[in-house]
Undergrad: 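Questions regarding the structure given below will be posed in turn.
Note that the coordinates shown come from a computational prediction; the quantities given were computed from them, not determined experimentally.
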Amino acid sequence: MSLHLEHLNPEQLAAVTLPNGHALVLAGAGSGKTRVLTTRIAWLIQSGHVTPGGVLAVTFTNKAAREMVQRLAAMLPVSPRGLWIGTFHGLANRLLRAHHQEAGLPREYQILDTQDQLSAVKRLARSLNIDEDRMPPRELQRFINAQKEEGLRARDVPAGDDLTRRQVEFFASYDEQCQREGVADFAELLLRSFELLSRNEILRQHYQARFRHILTDEFQDTNRLQYRWLKMFAGPQSRLFAVGDDDQSIYGFRGAHVGNLAEFEKEYAKGQVIRLEQNYRSEGNILAAANALIANNAKRLGKNLWTAAGQGEPLRVFQGDSDADEARFVAEEVAALARGEGGEGLRLADIAVLYRSNAQSRVLEHALFGAAIPYRVYGGLRFFERAEVKHALAYLRLMASPADDNSFLRVANFPPRGIGARSMELLQDAAKQKGASLFAAAEFSSAKALPFRKLIEELQSETRGLPLPETVGHVIARSGLIEHYKKDREGADRVENLEELVNAAAAFTQEEREIEAGEESEPLAAFLSHAALEAGEHQAAEGQDALQLMTVHSAKGLEFSAVFMSGLEEGLFPHEQSLAEKDGLEEERRLAYVAITRARARLYLSFAQTRMLHGQTRYSLPSRFLEEVPERLKKWLTPRFARARAAGPEAPARKNAAYFPKKETFFAASRDLAGFRIGQNVTHPKFGSGVIIDAEGDGGEARVQVNFGRQGVKWLAVAMAKLQAA
DNA sequence: CGTAGAAACTTTTTT
DNA sequence: AGTTTCTACG
C-alpha cells in the first residue's frame, strides 16, 4: 500500500490532499493529471475521508476508466467493485439499469450506437414521408443529439423558423419511436438519468448522501448536460473535484462546452484553483513548440507550461511529394528508430503515428505492410461496429428485447429467408396500424415473417440458462450467419469475427460486468450494453509489439517516446470543414497542441504536396501550424519549401480557400502552360507562395488559378503575372 | 424474391 | 476510393 506522496511536487501534493471543499485543477499536458486524480482517490479512502462506495469518478473514455481502476487497485487493498468509476455514459447506463422502472424504460432496453441511431432516424423519416433533401437524416440526427446534449426535450426547444419547427416535430416522433421500441441512444442515457434524479427526490437524496467525493477527468470536454448531471449528484455534503485543461478541449463538435471550466470555478471552486504547470513528459524543444503554437489562440485561461528537462532534439520536418511518399518516409524512419541506429532501439509500441482523420490511415498501413512493420490501428471501424458482428448482436438483442425494431429489420431477412421488401413493407404497415412491434406483428399478420419469429423464440428457449459464450456460439450457428459467410468467397474474415465474438463474450468476465453495469444485471444484457458502449477498442494482437496508429483525438491522454504528426496540410489539418465553424480554427490548433504534447523525446512533422482523397488528387500547402512552430526548433529533412513572405499584414483566412479538390487529368497535366503545370508550387511577388490548382488557355494565352492559402485564390495570366517556380 | 452490376454518394474528430 | 443505394434481370 503505497501512495508515494513524496514523489509529488507541491502543487500535485496540494491537489491530492486538499482536505475539504471543491476544487478545480488546471492541469497542463504531461503534468501528471491522471496520477493526481487516482492518488487523490486513494488518499481520500486511505485517510478515512470517504469509503470506496462514496466515490464517484467520471472519465470520458473506457480506456481512462480502466487505467484508473488498475492504478487504484495497485495502491489500495480494495476491490474496485464498490467504486463508481466509469464514463459518463457507462455510469448513466448503470443508473438506468438499476432504476429502469422509475426511469420509464423496460428492463432490457437496448442502446443505440451512432449507426443504429442513424438507421432509426432514416426509418422514421421514411415512415413520416419526410423529404430527405430538405431534412437529411444525418442532420436530423445531429439536431436531436445537439438538443439532448443541451438537456432539452422537443417540448423545450423554441421553434423559430419553419425548418426548426419541423425538426422539433421530428425530434418528438423520434423519442416516441425509441420509447415504443425500448431503445435509448447515447445522449438519451445521460438525459434520461438526469431527468430521473431531478424528478425523483428520494433517489436524488439517496445518491447525494452516498457520493461524498465526485471527481471528473477532462472537465474541458463536458457538455452542458454533463455538467448539470454532475451537479445533480452533489448534495450539501459532497465535494466536487474537476481536472481539466482548456488548451486540450477538442470535442466542441459534440457539444463540449469549455466555458464549463470557468463556470465551475465560479459556482464551486471559488478561487480554489490549483495549476499544474510542470511538464514531466516532453523535452524542451517539443514543449517550446507546443507553447509557441498554442499562444496563437486568443481564447485561453492561460498557463505557463515548463519543464526541467533539457532542450533535447529539434523537431524533424519532412515534405513528401505525395501521401505515399510521406508514408514511405514514416515507415523507413520507424524501422530505423526500432533498429536503434547506434543507440538503443525503441519498442514499436512506444512510437505513434498520428493523423487528423481516419481516412489517412490507409496509405500509411500500405507502406507499413510493405515494410513488414507490425502496427495496430486504433479507432476507425471497431470490432463491435462491423456488419457481421452487428448482425449477430441484433439476434441477441431481439432475444432479449423483441420490441427492438431496428434489430428486427437488420436480420429478419439476413441471411436471406424470403422476406423481401414487399413483405417487410406489409409487416411494417400492420405493425403501425396496431401500434405493435414488428416482432409482435409477425405473429398475426405475416406468413412470411412468422418462421423468423419462431426462430427467435426457439433461440430464446434453447439458450435459456446457458453461459454467455455458449449462448453467443449457439446464436451465430443457428441463425445461419456462419453458414452464410462460409459460402461467401470473401467471408473468411467475417466468420473469424463471429467466432471472435464468442471469445469476446467469454472474456467479458464477471468482474468487468459488475464494474460496468452494477451488481444485479443479466449476463446477456450486460454484454449487449458493453458492446454498444465500448465499441471494442482493445481487440486482436494484444501483447505483440506494434506501432501505434491513431487519430489525434484518440491519442489524447497517451504518450510516446517518438511521435509522427502526419498530413500537416492546409485543409486537412486544420481541416477545411472546421474553418466554417465557430472557433473551429482554435479547436484545430488545440488538436495540434494535443498531438505535439504526446511526444517525449522525438517529434516528426510531415506533410505531402499531393494527396489522394475520395478518389481525387488534392494539391495542398503546408499547414499554417507548421509555420507557427518557430524555425529555430525545426530541422528540415527535405529541401525547405521556398516560402516567400507576402508583404504587409496577412489577410484573414478565407473560408475554404486553401484546399481545393481537383480532378487530375492527363489533359491538364500535359497542357502547355508556359512552363507551369497544375499542382506546381509557385511564388508571386505580392501574394507569396501558392499552388496552381487550375488552368485555361494555352501558351501565351494561358491563365492559371493559384491558391495562395490565406491570401486567397486568384486567376492570373501567366504572361503578365511574375510567377516563379518554387 | 434475390442478385449482380451500375450509379450515386460521401468527403472530421467519438462516447 | 470505398460504401451504399438503385436498377435490371433471372
Undergrad: Just checking A/F88: base, sugar-phosphate only, or nothing, at a heavy-atom cut-off of under 4.0 Å?
TA: nothing
Undergrad: When you compare the side chain of A/F233 with that of A/L95, does any pair of heavy atoms fall below 4.5 Å?
TA: yes
Undergrad: A/F573 versus A/Y355: any side-chain heavy-atom pair under 4.5 Å?
TA: no
Undergrad: Nearest whole Å is fine: how far is B/dT15 P from A/Y378 OH?
TA: 14 Å
Undergrad: Provide, to the nearest angstrom, the distance between the CZ atom belonging to A/R142 and the P atom belonging to B/dT11.
TA: 9 Å
Undergrad: Name the one of A/E425, A/E132, A/E181 that satisfies salt bridge (Lys or Arg N to Asp or Glu O under 4.0 Å) with A/R123?
TA: A/E181
Undergrad: Whole angstroms only, please: what is the CZ-P distance between A/R422 and B/dC1?
TA: 9 Å
Undergrad: Within the structure shown, what part of the strands sits under 4.0 Å from A/A187 by heavy-atom distance: base, sugar-phosphate, or nothing?
TA: nothing
Undergrad: Can you find a pair of side-chain heavy atoms, one from A/R300 and one from A/I294, that are under 4.5 Å apart?
TA: yes
Undergrad: Which parts of residues 409-418 of chain A get close to DNA chain B, meaning a heavy atom less than 4.0 angstrom away?
TA: A/N413, A/P416, A/R417, A/G418
Undergrad: Please confirm whether A/R97 makes a cation-pi placement over A/Y109, using NZ or CZ under 6.0 Å from the six-membered ring centre and within 45° of the ring normal.
TA: yes
Undergrad: For a quick test of reading the model: is some side-chain N or O of A/S423 closer than 4.0 Å to OP1 or OP2 of B/dC1?
TA: yes
Undergrad: Nearest to the side chain of A/R138, which nucleotide is it out of B/dT14, B/dT11, B/dC1?
TA: B/dT11
Undergrad: Taking NZ, NE, NH1 and NH2 as the nitrogens, is one of them in A/K299 or A/D246 under 4.0 Å from a carboxylate oxygen of the other?
TA: no
Undergrad: Would you please classify the geometry between the A/Y485 ring and the A/F414 ring as parallel, tilted or perpendicular, with 30° and 60° separating the classes?
TA: tilted
Undergrad: When you list every nucleotide of DNA chain C with an atom under 4.0 Å from a heavy atom of chain A, which one comes first 5' to 3', and which comes last?
TA: C/dA1 to C/dT5
Undergrad: Mind calculating the distance between CG (A/D185) and P (B/dT14) to the nearest angstrom?
TA: 19 Å
Undergrad: Out of B/dC1, B/dT14, B/dT12, which nucleotide sits closest to the side chain of A/N358?
TA: B/dT14
Undergrad: For C/dT4 versus B/dT13, give the span between their P atoms, rounded off to a whole number of Å.
TA: 15 Å
Undergrad: Would you tell me if any nitrogen or oxygen in the side chain of A/T551 comes within less than 4.0 Å of OP1 or OP2 on B/dT14?
TA: yes
Undergrad: Grab the CD1-P distance between A/I250 and B/dT13 for me, whole Å please.
TA: 12 Å
Undergrad: Could you walk me through whether A/R397 and A/N406 pass side-chain contact (heavy atoms from CB on, under 4.5 Å), step by step?
TA: CA-CA 10 Å; A/R397 285 165 71 141; A/N406 247 9; 6.0 Å; no
Undergrad: B/dT15 C1' sits how many Å from A/L230 CG, rounded?
TA: 15 Å
Undergrad: Given that A/F60 and A/I419 both sit by DNA chain B, which one's nearest nucleotide is further toward the 5' end?
TA: A/I419
Undergrad: Nearest to the A/S357 side chain among B/dC1, B/dT14, B/dT13, which nucleotide is it?
TA: B/dT13
Undergrad: Rounded to the nearest 0.5 Å, what's the gap from CG on A/L568 to CZ on A/F625? Could you check?
TA: 9.0 Å
Undergrad: Look at the rings of A/Y251 and A/F253 and say which category their plane angle falls in: under 30° parallel, 30 to 60° tilted, over 60° perpendicular.
TA: tilted
Undergrad: Is there ring stacking between A/F253 and B/dT13, where the centres must be under 5.5 angstrom apart and the planes under 30 degrees?
TA: yes
Undergrad: Answer yes or no: side-chain N or O of A/H89 and base N or O of B/dT15 forming a donor-acceptor pair under 3.5 Å.
TA: yes
Undergrad: Return the value, rounded to whole Å, for the distance between atom CZ of A/R590 and atom P of B/dT13.
TA: 18 Å
Undergrad: Could you state the CD-P distance from A/E576 to B/dT11, rounded to the nearest angstrom?
TA: 12 Å
Undergrad: Base, sugar-phosphate, or nothing: which does A/K556 touch, judged by heavy atoms less than 4.0 Å apart?
TA: nothing
Undergrad: What's the gap between C/dT5 and B/dT12 when it is taken at their C1' atoms, as a whole Å value?
TA: 24 Å
Undergrad: Could you check whether atom NE2 of A/H366 has more than 12 heavy atoms from other residues, nucleotides or ligands sitting under 6.0 Å from it?
TA: no
